[in-house]
Student: 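The structure follows.
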Number of protein chains: 2
Amino acid sequence: MFRHQHNLQFSNPLNVVFAFQMGSLEFEHELNDISSFDNQSLNPLDPEEFRRQGHMMIDFLADYYHNIENFPVLSQVEPNYLRKCLPESAPHNPEPIEKILQDVQNHIMPGITHWQSPNFFAYFSATCSTAGFLGEMLSSGLNVVGFSWISSPAATELESIVMDWLGEMLNLPKSFLFSGNGGGVIQGTTCEAILCTLIAARDEMLKKIGRDKIGQLVVYASDQTHSAHQKAAQIAGIHPENFRVIRTTKETLFGLSPEMMKLTVKFDVQAGLIPLFLCATVGTTSTTAVDPIRPLCDVAKEYGIWVHVDAAYAGSACVCPEFRHFIDGVEGVNSFSLNAHKWFFTPLDCCCLWVKDSGALTRSLSTNPEFLRNKASDSRQVVDYKDWQITLSRRFRALKLWLVLRSHGVANLRSLLRTHVEMAKLFEQLVYGDSRFEIPVPRNFAMVCFRVSPEAVAEKVLKKKVATDEEESVNQLNEKLLESINASGRIYMTHAVVDGVFVIRFAVGATLTEERHVRMAWQVVQEHLDKI
Amino acid sequence: MFRHQHNLQFSNPLNVVFAFQMGSLEFEHELNDISSFDNQSLNPLDPEEFRRQGHMMIDFLADYYHNIENFPVLSQVEPNYLRKCLPESAPHNPEPIEKILQDVQNHIMPGITHWQSPNFFAYFSATCSTAGFLGEMLSSGLNVVGFSWISSPAATELESIVMDWLGEMLNLPKSFLFSGNGGGVIQGTTCEAILCTLIAARDEMLKKIGRDKIGQLVVYASDQTHSAHQKAAQIAGIHPENFRVIRTTKETLFGLSPEMMKLTVKFDVQAGLIPLFLCATVGTTSTTAVDPIRPLCDVAKEYGIWVHVDAAYAGSACVCPEFRHFIDGVEGVNSFSLNAHKWFFTPLDCCCLWVKDSGALTRSLSTNPEFLRNKASDSRQVVDYKDWQITLSRRFRALKLWLVLRSHGVANLRSLLRTHVEMAKLFEQLVYGDSRFEIPVPRNFAMVCFRVSPEAVAEKVLKKKVATDEEESVNQLNEKLLESINASGRIYMTHAVVDGVFVIRFAVGATLTEERHVRMAWQVVQEHLDKI
């Protein structure tokens, strides 16, 4: 039935024709059959049709992974390219899956930026795996809606169990585990995790000081904190003037200084404002900087501030003993989150949030409409995760995390993470080996920030033109270099600006990346610098 | 490779042993191989291993659908059943997929409430389909993170296109489509859709009247409105005292009365408060009641109130011309949402939200950190959906909606929805045919609310015992009936209480449901009434 070879050709916007081996789809045969296609009489979930089409999609994806390096990593399409390819309205009659897959190939693929490509080094990777994918499939196939325990007990209970498992792997204190009166919940993203904990903190405070004082609440973070914190504060109704962004500097490696934090808080208190919430980060997006948790908690404790630690990216690494020290002091925080969909082999979305006091969450987020009332919930013997998050409906996300943990095992997961770090170290060494480049901020995990050095620019560029601002010229050259590299489609990296310095970020984490890809990436960087 | 027959036995908590045909998994062979299992050397996304395990999971799910009627619909486990089945910690070493699938079978399945069972009539169905499932698979397989256009242009553009397609199918005014200055976005759930629009409305208002007046903002809805509205108001910092719940009655079929709305708003204005937001519902959760959109908009317009229409369940039906009148007046609202994951053959989660003024959303929800800056966004020629929603990271959800629309076609989708309505009508007729039952609120869509009538209870029950409160006795009997039915595992229904009346909800919508299941369900109801 499968395994027939068939070539499909498609042109990408670079006008390069890639031969994409479809491997397993009998396209021609099937397309000849379209005229006789009729699924009107079929149930849309007919098991045998599900099986036939499901196998087809698996082959499509397996072939995609085989051929993924043939695609430009960063999509090269122009805005609104797709409107020109697709009809203006939904079709009146059914279309066969074979035709749809051909359109995916011809029209969707050119507009894909290939996050699963081994040459993807942008943002932070969405590190996937077969196990995580299978868990997601199983979740979609069962398609249960796990808002309350009763609506699918396994969905709730497996989530509690895997959150305890992962918490234990991270050596989180017992107080964050269900076995110790805390607990974990899988949210969609860090934005939701921060929003939920901020709301919980806000409502606890307002209960004490009165609802009318919402305008006096102040939230804190560094200038390196993810924008999710700002958005959460906006949504929660924190007065924009009370959103403190504390400046970091190179001296503290862009970590938040507890002294600066304390000064800022003191000033607010003197002004009659009420300190509420600190979002500290372990592994910032720009440079993977780490805020020092323990001394920040000391400040927070003094003023009754809720501390959330956003370890979206770097939290995963902390399952390795050698990285665990980055979250030292976590016993002092109120909540802690990491994204398993970033660097823990789990497809989007899977943000793991632990809290010490789940009551604070549920007091803010509970609603108990009659139509959801049931004996299990009334008995208070069960967790109803709807009260731990923003949304009511929720997917059975625990399955994918469970499959990842079991399919790989703790030892193997650690060694996979270490491989990524080793590849980043390799890249670091390659950068160090070329005197034209520098690494302005040290590497902590599997991401290297680098740039063409001011010295090199002065030598090569500045002698040719008069610059009014040297740093600006250095930034411009690095920006140009990055653009040139990304436009090639061979690798994809993104940038950050810290303390006025434009840095190129090289983030290792795509599951298919091997040492040869890292070496190739470095070659691409060097070639493009030679060229521009 | 596939198609080998193999029997797996598992016992469920009812102590009934189901023979579950595994169909396609060579379990024994594979399990004998565990000792030699070693994936340490494999890349976790190795394409051939992906193919092998993917096919296995497809077969697992196809077999599940084949055998789904063998499971009790409502899970019969006791709280904390799963902790007893699973180890306390994550495994140190990798485990083979065959062993994991066996654990799914033995330990997870008993804790599943089978939303895809043809005998599932609870809540609102999560109406799935092969097409929707394949779209989700493709989305997980590509695993792109579509926060900005540049991060995967196809993810953004396909979403804009399918939202226009679906908007057109609903005959939404042009002002809600991208082709007419509005636009649509796929959110996770209605909770997010309400929260985002409420925040947008709040911030527009506060810009005019000043941030300090947040405590004076009032939001409105009926007592039938989904709890999502309450939660959104809590999160948005609306003062709990300013959350208006307007009572509905049987006279208006539990629809929100525009006169009551107007009176309530007037009273608030006289009290110096500021009316902000109305959440109207088309198809309430308890009884599928419909708030009259046009006259409510007239009231809202007078006071500058943002109107959101939550058509989570019933919106889908409005693609059929004969149901479209339920959203007449939609041209007057600010935003409109429906859940494709409820009654549109799409797996969780897929809430479609249209707005007239996307600027109101983006002004509230935009953040523009440097690390996401790119030329396409700077050019303002593209949509960056991160600014239309709460979260930054987002899955390529449009794929599943696109596959559903194309695989079925408009005509077929309409006829599938009509089949569900016809089955509900059949059930309605069956209820009418038994004088012991009544239908306290009329059916609008594919859900029937019914109960044992007070007359029947008086005849059968009250003559045996002295009741202090007749309505209470009727409610108790109906509650007991529902419990008895659900405990049997043969079908699953849930309840609502409207105007003090306990009703049993029979919601048709599971994709596998056929006429025979509806007839069987009615038989189960009758049998259980005979029994109690």
Side-chain angles (χ1 to χ4, degrees), chain A residues 44-45 47 50-51 54 57-58 61-62 65-66 75 77 79 82 90-95 100 108 111-113 115 126 128-130 134 136-137 140-141 143-144 152-154 157 165 189 191 227 230-231 237 285 347-348 367 369-371 381-382 391 393 395 405-406 409-411 496-497 511, chain B residues 44-45 47 50-51 54 57-58 61-62 65-66 75 77 79 82 90-95 100 108 111-113 115 126 128-130 134 136-137 140-141 143-144 152-154 157 165 189 191 227 230-231 237 285 347-348 367 369-371 381-382 391 393 395 405-406 409-411 496-497 511:
Chain A
L45 201 56
F50 174 92
R51 194 190 304 273
M57 187 61 90
I58 287 292
L61 285 168
Y65 296 137
H66 261 303
S75 167
V77 298
L82 195 56
H92 190 73
N93 293 317
E95 297 182 281
I100 298 171
I108 302 298
I112 293 292
T113 292
W115 287 67
C128 204
S129 66
T130 298
L134 294 182
E136 189 72 66
M137 264 176 84
S140 317
N143 204 37
V144 302
S152 231
E157 297 204 7
W165 283 10
T189 70
C191 302
S227 53
Q230 187 195 336
K231 197 186 259 198
T285 309
L348 273 181
T367 55
E370 174 64 33
F371 53 78
Q381 281 181 40
V382 297
T391 67
S393 294
R395 285 150 59 231
L405 291 171
R406 294 193 60 185
V410 178
V497 174
T511 315
Chain B
L45 200 57
F50 174 92
R51 194 190 305 272
M57 187 61 90
I58 287 292
L61 286 168
Y65 296 136
H66 261 305
S75 168
V77 297
L82 195 55
H92 190 73
N93 293 317
E95 296 182 282
I100 297 171
I108 302 298
I112 293 292
T113 292
W115 287 67
C128 204
S129 67
T130 297
L134 295 183
E136 189 72 66
M137 263 175 84
S140 317
N143 204 37
V144 301
S152 230
E157 298 204 6
W165 283 9
T189 71
C191 302
S227 54
Q230 187 195 335
K231 197 186 258 196
T285 308
L348 273 180
T367 54
E370 174 65 32
F371 53 78
Q381 281 181 42
V382 297
T391 66
S393 293
R395 285 151 59 234
L405 291 171
R406 294 193 60 185
V410 178
V497 174
T511 315

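Convention: sequence-line order gives letters A, B, ...; per-chain numbering from 1. None of these values were measured; they are calculated from a predicted model.
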Student: Donor-acceptor pair, B/S152 side chain versus A/I112 backbone, under 3.5 Å?
Tutor: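 Absent.
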Student: Most heavy-atom pairs under 4.5 angstrom with chain B, which of A/T511, A/L45, A/L405?
Tutor: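 Among A/T511, A/L45, A/L405, the one with the most close pairs to chain B is A/L45.
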Student: Side chain of B/E157, backbone of A/L82: donor and acceptor closer than 3.5 Å?
Tutor: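 The answer is yes, because a donor-acceptor pair under 3.5 Å joins these two groups.
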Student: Can you tell me how far the CE atom of A/M137 sits from the CD1 atom of B/I58, to the nearest 0.5 Å?
Tutor: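 Here the interatomic distance stands at 3.5 Å.
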Student: Looking at chain B, which one of A/N143, A/I108, A/V144 has the largest number of heavy-atom pairs inside 4.5 Å, strictly under?
Tutor: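 Ranked by contacts with chain B, first place is A/N143.
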Student: With sequence neighbours excluded, what pairs up with A/P91 under the side-chain contact (heavy atoms from CB on, under 4.5 Å) test?
Tutor: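 Partners of A/P91 by the side-chain contact (heavy atoms from CB on, under 4.5 Å) criterion, ordered by chain and then number, come out as A/E95, B/W165, B/R406.
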Student: Please determine, among A/C128, A/P347, A/A496, A/G141, the option with the most heavy-atom pairs under 4.5 Å with chain B.
Tutor: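 Max contact count across the listed options: A/G141.
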Student: Measure across A/K231 and B/T391 and return the closest heavy-atom pair with its distance rounded to 0.1 Å.
Tutor: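 Where A/K231 meets B/T391 most closely, the heavy atoms are NZ-O, 3.9 Å.
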Student: Is there side-chain contact between B/T285 and A/P369, with at least one heavy-atom pair below 4.5 Å?
Tutor: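 Heavy-atom side-chain distance check fails, nothing below 4.5 Å.
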Student: Who among B/G54, B/A90, B/C191 has the most heavy-atom pairs with chain A under 4.5 Å?
Tutor: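 Ranked by heavy-atom pairs under 4.5 Å with chain A, first place is B/A90.
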Student: Could you look at A/E136 and say if it's the side chain, the backbone, both or neither that has a heavy atom under 4.5 Å from chain B?
Tutor: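 Side chain only.
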Student: Heavy-atom pairs under 4.5 Å with chain A - which of B/G237, B/G409, B/P44 has more of them than the others?
Tutor: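 Maximum pair count with chain A is reached by B/P44.
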Student: Most heavy-atom pairs under 4.5 angstrom with chain A, which of B/V382, B/T189, B/L134?
Tutor: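 Greatest number of close heavy-atom pairs with chain A: B/L134.
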Student: For the backbone of A/A411 and the side chain of B/N93, can you confirm whether one donor and one acceptor N or O come within less than 3.5 Å of each other?
Tutor: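 Checking the backbone N and O of A/A411 against the side chain of B/N93, no donor-acceptor pair under 3.5 Å is found.
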